[in-house]
Amino acid sequence: MTEIATATKVEEKLFQNRYLVDAGKPHIRVREHEVPSASLLAMTRLCPAGCYAVTETGQVEVAADGCLECGTCRILTRKTGEVEWNYPRGGFGVLYKFG
Ligand code: SF4
């Protein structure tokens, strides 16, 4: 009988990571805007860490805690300039765990 490997869910893998918050110094900011571009709005669905959300007034906000530093939002909003993106300061941000 063949043994079937148990698939690990992405959420379970992400749970292995740890994140050190740099309090008061988020490495990603959404610039002020009245109406988000389609690219910025798409981040509410594309960010793998779920950092982006739409407020009650229709703007997009980011909570950078838990960011995986994949750079998707940086690239997608490069032309609109709506996102200010930097790497976290040394020692802060995501701590990947392998194995
Ligand atoms: S860098 Fe990646 S994980 Fe971090 S906020 Fe942008 S899309 Fe999300």
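Read the numbers this way: they start at 1 and go in the same order the structure lists the ligands and their atoms.
Here the heavy atom of the protein found nearest to atom 1 (S) of ligand 1 is G71 N, 3.2 Å.
The shortest distance between side-chain heavy atoms of L68 and Y96 falls below 4.5 Å. In this structure, L40 and V30 have side chains that are in contact, with non-hydrogen atoms separated by less than 4.5 Å. C73 has its side chain within reach of I28: a pair of non-hydrogen atoms, C-beta onward, lies under 4.5 Å apart. Side-chain contact check for M43 versus L76: some heavy-atom pair is nearer than 4.5 Å. Residues Y87 and E69 meet the side-chain proximity criterion, which asks for heavy atoms closer than 4.5 Å.
Close contacts of ligand 1 with W85, meaning ligand atoms under 4.0 Å from a residue heavy atom, involve 1 (S).
Residue pairs meeting the salt bridge (charged side-chain N to carboxylate O under 4.0 Å, His left out) criterion with at least one partner in residues 18-30, sequence neighbours excluded, are D22-R89.
Using modelled atom types, one side-chain atom of T55 and one backbone atom of Q59 make a donor-acceptor pair closer than 3.5 Å.
Near atom 8 (Fe) of ligand 1, less than 2.8 Å away, sit the protein N, O or S atoms C47 SG.
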